[in-house]
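Just so you know, residue 1 is the first one in the sequence shown, and it goes up from there. Because the structure is predicted, anything quoted here is derived from the model rather than measured.
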Amino acid sequence: MNKLVSAIGVATIMLSGCVTNTNKQVGTEVRLTATDPQATPATVEMLNKINKREHLMVGHQDDLSYGHTWNEEAGRSDMKEVSGYYPDVCGWELGGLELGELANLDNVGFDDMHKHMQEVHKMGGINTMTWHSYNLISGNNCWDVSQSGVVAAVLPEGVKHEQYLKWLDKFATFVTSVKDDNGEAIPMLFRPYHELTGSWFWWGADLCTVDEYKQLWRMTHEYLTKEKGVHNLLYVYSTGDFNDGAYYLERYPGDDVVDVLGFDIYQYGENLKDAQQRFLNQLKLEAEILSPIAKEKNKPWAVCEAGLESCLIDDWFTKVGEVIIPTDARYILFWRNAHDQEKHFYVPYAGHSAAPDFKKFVESTRVKVQ
């Protein structure tokens, strides 16, 4: 097992720029194939559902688990209570699973998450996951960037490689245990090692070399698909901010191990109107850069995280819609509404002043735009 992974880490990095194009023409429709050759039929169907894009799908992190003032109340959703719709895409966080914790970094119980993932699937939605695994060198969380070398340590021949494989084993066990009513593993999007263009996670740009990052991604993809038999995942490459295509693709691990492209983007700054305009300009720029890249690679793309904390601008969502709805982005996911932090919410709750604008935005995404 470990010899295989070591060989992957050394040899497959040479393939990081290669293109695997096995998409098939079915009538007038081009059918996409997953980068995992053994992906389940349901996983391939999900990829093509995303690619078809009859409307811009709207997502929300942890939506069924909690909201602004509530926690684990069956059937509740801040997004639905404002817009009338449950999210098309629901985001989940697996950080802490590798340590054997009962709940993740945001105190969502893994048993509850398991149940909600099944609920999302039954409603016809899509589950997407991040995994902010702990720093194996320091033992602290993923935001400990006090020293580089964590990526090198978990790669083949690294001092923490064996332990990291055990963490991947726990990840694999969880994601394959989430099954539908027929006992089949539910397909999911997996967005590992995201916001890699920044340096606030142990896998960030200043913490590892370009080749080390690519090896980490390819090792993860190969180990899960070939060693652990995980065939219900689509792999999403999602950066932080970028200003040109070369920088976006600098750490791109290869067409043969990435199914969906994307980026994360947030509005920051105290002067709200100025910050909003900078945000909208950056959103437009990144969409204009990524769209042709995605077309060339024949892969769908999305805004994988977005938001303005506390929803401080009442027309923020429709302004975002003016930028992103006309593009070929497949979905946009807004960050979470914490139940235990008064100002930490990214979708307005019922009664909030931005709620009418959010409802208008969601309704505007329902039309067929492609």
Side-chain angles (χ1 to χ4, degrees), residues 53 56-61 89 91 128 130 143 145 189 191 193-201 203-206 210 213 236-252 258 260-297 299-336 343-348 354 357-358 360-362 364-365 369-370:
R53 198 215 194 219
L56 175 70
M57 295 186 288
V58 180
H60 190 208
Q61 183 77 6
V89 182
T128 180
T130 48
W143 291 275
V145 292
L189 296 171
R191 189 161 53 95
Y193 318 124
H194 71 129
E195 297 179 6
L196 53 129
T197 48
S199 296
W200 42 85
F201 299 128
W203 56 82
D206 292 340
V210 169
Y213 181 86
V236 184
Y237 175 82
S238 186
T239 69
D241 285 344
F242 56 94
N243 291 318
D244 60 70
Y247 189 55
Y248 180 84
L249 292 171
E250 182 181 36
R251 292 171 182 254
Y252 182 68
V258 172
V260 179
L261 305 175
F263 58 84
D264 300 2
I265 184 169
Y266 288 88
Q267 178 177 327
Y268 298 104
E270 294 183 2
N271 187 318
L272 287 177
K273 287 300 181 181
D274 288 348
Q276 181 185 32
Q277 193 56 58
R278 288 196 301 272
F279 170 81
L280 293 173
N281 290 344
Q282 188 67 26
L283 177 63
K284 185 174 186 292
L285 173 65
E286 293 183 18
E288 289 175 345
I289 292 170
L290 185 52
S291 179
I293 291 173
K295 283 188 175 73
E296 189 274 329
K297 294 181 176 298
K299 297 182 186 294
W301 70 274
V303 183
C304 299
E305 285 184 31
L308 168 63
E309 188 176 36
S310 299
C311 301
L312 296 171
I313 301 175
D314 287 349
D315 66 348
W316 190 84
F317 291 95
T318 52
K319 294 297 185 184
V320 168
E322 289 173 6
V323 174
I324 206 65
I325 292 174
T327 73
D328 55 350
R330 270 49 173 195
Y331 68 84
I332 182 169
L333 183 141
F334 301 108
W335 202 237
R336 69 193 193 103
K343 296 182 179 181
H344 193 62
F345 61 93
Y346 291 82
V347 163
D357 186 69
F358 181 70
K360 183 178 179 181
F361 163 76
V362 174
S364 71
T365 68
V369 292
Q370 181 176 317

Audit row: Gln267, Val320, side chain to side chain contact (heavy atoms under 4.5 Å, CB included) steps and yes/no: CA-CA 11 Å; Gln267 178 177 327; Val320 168; over 6 Å; no

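- The shortest non-hydrogen separation linking Pro300 to Arg330 is CB-NE, 3.7 Å.
- Using a 4.5 Å heavy-atom threshold, the side chains of Phe279 and Leu308 count as separate.
- To the nearest 0.5 Å, the span separating CD1 on Ile332 from CD on Glu305 amounts to 11.0 Å.
- To the nearest 0.5 angstrom, Gln277 atom CD is 13.0 Å from Leu272 atom CG.
- Within the model, atoms SG of Cys304 and CZ of Arg191 stand 5.0 Å from one another, a figure rounded to the nearest 0.5 Å.
- Annotation for Gly245 and Ile293: closest pair CA-CD1, 4.0 Å, computed over non-hydrogen atoms.
- Classification of the Tyr193-Tyr213 ring pair by plane angle, with boundaries at 30° and 60°, yields perpendicular.
- Between Tyr346 and His60, the distance separating the two ring centers is not shorter than 6.0 angstrom.
- Between Asn243 and Gln282 there is a side-chain heavy-atom pair separated by less than 4.5 Å.
- In the model, Asp328 has a side-chain atom that pairs as donor or acceptor with a side-chain atom of Trp301 under 3.5 Å.
- The two residues Pro326 and Gly321 make their nearest non-hydrogen contact at CD-O, 3.5 Å.
- At least one side-chain heavy atom of Leu189 sits less than 4.5 Å from a side-chain heavy atom of Tyr331.
- Rounded to the nearest 0.5 Å, atoms CG (Leu285) and CG (Leu280) are 12.5 Å apart.
- Proximity of a side-chain donor or acceptor of Lys299 to a complementary backbone N or O of Val258 within less than 3.5 Å is detected.
- Aromatic rings of Phe317 and Phe358 (six-membered ring for Trp) have centroids within the 6.0 Å cut-off, being under it.
- Contact check for Asp314 versus Asp357: no side-chain heavy atoms found under the 4.5 Å cut-off.
- Distance CG/Leu196 to CD/Glu250: 9.5 Å, rounded to 0.5 Å.
- No hydrogens or angles considered: a donor-acceptor pair under 3.5 Å links the side chains of Lys295 and Ser291.
- Side-chain atoms of Tyr248 come within 3.5 Å of backbone N or O of Gly262 as a donor-acceptor pair.
- You'll find the side chain of Thr239 stays beyond 4.5 Å of the side chain of Tyr252, heavy atoms only.
- Nearest heavy-atom pair across Val303 and Ala306 is CG1-CB, 3.9 Å.
- Between Glu309 and Trp335 there is no side-chain heavy-atom pair separated by less than 4.5 Å.
- Residues Leu56 and Arg53 share a closest heavy-atom pair of CB-NH2, 3.3 Å.
- In this structure, CG on Leu283 lies 8.0 Å from OG1 on Thr327, to the nearest 0.5 angstrom.
- Side-chain N or O atoms of Ser310 include none that pairs as donor or acceptor with a backbone N or O of Leu312 at under 3.5 Å.
- Checked by atom type, the side-chain pair Glu195/Trp200 shows a donor-acceptor distance below 3.5 Å.
- Judged purely by atom type and a 3.5 angstrom limit, Arg251 has no side-chain atom pairing as donor or acceptor with the backbone of Thr197.
- For Cys311 against Ala354, the heavy-atom pair with the smallest separation is O-CB, 4.1 Å.
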